[in-house]
Amino acid sequence: QVELRDSGGGLVHAGGSLRLSCVVSGRSSTNYAMGWFRQAPGKEREFVAAISFSGRATSYADSVKGRFTISRDNAQNTAYLQMDNLKPEDTANYSCAADWRPAGMFLHTVAPEYDYWGQGTQVIVSS
């Protein structure tokens, strides 16, 4: 059993920053990719960012490139999403996810490819 616990959301003014964290516990692995997705009210869940186990490969949605940074600390079994220059359109519930069977360095950008999910953390960006 694998559990993901994400945290770090909150209320911030436009232009501000937040850092989300996702702690992975349970069954160990030395090869799983991590991703972040978000879902705004009335909208479908969308991909935000992903990172390979080594950290050498990353992928970002066009809407967050240059503002968000995904990283991980495997010694702490934790993935992070640093969000800078936040915009009101970034308001959403953010969830981390783990791809337990990654295909090499390829990073999935669709939710069904991820095996485990955090409960979500709310990010609200005021204008």
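Model, not experiment: these values are computed from the prediction.
A distance of 6.5 Å separates CZ in Arg45 from CD in Gln39, rounded to the nearest 0.5 Å. Rounding to the nearest 0.5 Å gives a distance of 9.5 Å between OG of Ser21 and CG of Asp6. Of the inter-residue distances, the one linking Leu107 atom CG with Glu113 atom CD reads 12.0 Å to the nearest 0.5 angstrom. Atom CG of Asn31 sits about 9.0 Å away from atom OG of Ser52, to the nearest 0.5 Å. One distance of note links CZ of Arg72 with OG1 of Thr58; it measures 12.0 Å at 0.5 Å rounding. Expressed to the nearest 0.5 Å, how far OG of Ser17 lies from CG of Asn85 amounts to 8.0 Å.
Hydrophobic clustering (ILVMFWY, side-chain heavy atoms < 4.5 Å, transitive): Ile70 and Val23 are in distinct clusters. Hydrophobic clustering (ILVMFWY, side-chain heavy atoms < 4.5 Å, transitive): Tyr114 and Leu4 are in distinct clusters. In terms of hydrophobic clustering, with Ile, Leu, Val, Met, Phe, Trp and Tyr side chains grouped at heavy-atom distances under 4.5 Å, Ile51 and Tyr116 are assigned to a common cluster. At a threshold of 4.5 Å between side-chain heavy atoms, the hydrophobic network of Ile, Leu, Val, Met, Phe, Trp and Tyr places Met34 and Trp100 in one connected group.
A heavy-atom distance below 4.5 Å is not found between the side chains of Ile124 and Val12. No side-chain heavy atom of Thr91 sits under 4.5 Å from any side-chain heavy atom of Val123. No side-chain heavy atom of Val2 sits under 4.5 Å from any side-chain heavy atom of Ser25. Contact check for Trp36 versus Leu20: side-chain heavy atoms found under the 4.5 Å cut-off. The shortest side-chain heavy-atom distance between Leu81 and Arg19 does not fall under the 4.5 Å cut-off.
Without hydrogens or angle criteria, Thr121 side chain to Ser7 main chain gives no donor-acceptor distance under 3.5 Å.
Considering every non-hydrogen atom in both Ala92 and Ala40, the closest pair reads CB-N, 3.8 Å. Across every non-hydrogen atom of Ser54 and Met105, the tightest pair is OG-CE, 4.1 Å. Nearest approach of Gln76 to Thr78, heavy atoms of both residues: O-OG1, 2.8 Å. Taking each heavy atom of Pro88 and Ser127 in turn, the nearest pair found is CG-CB, 3.8 Å. Contact between Tyr32 and Ala98 at its shortest, heavy atoms only, is CD1-CB, 4.4 Å.
Checking Asp84 against Gln82 by side-chain atom types alone, a donor-acceptor pair falls below 3.5 Å.
The aromatic rings of Phe37 and Trp117 are tilted relative to each other, their planes meeting at an angle between 30° and 60°.
Taking the ring-ring contact (aromatic ring centres under 6.0 Å, His included) definition, one finds that Tyr60 meets it with nothing, sequence neighbours left out. Not counting sequence neighbours, the partners of Asp90 by the side-chain contact (heavy atoms from CB on, under 4.5 Å) test are Arg38, Arg67, Phe68, Leu86, Lys87, Tyr94, Val125.
Other residues, nucleotides and ligands contribute over 12 non-hydrogen atoms within 6.0 Å of the CD atom of Glu89.
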Side chain to side chain contact (heavy atoms under 4.5 Å, CB included) assessment of Asp73 paired with Tyr80: CA-CA 8 Å; Asp73 180 348; Tyr80 303 97; 4.1 Å; yes
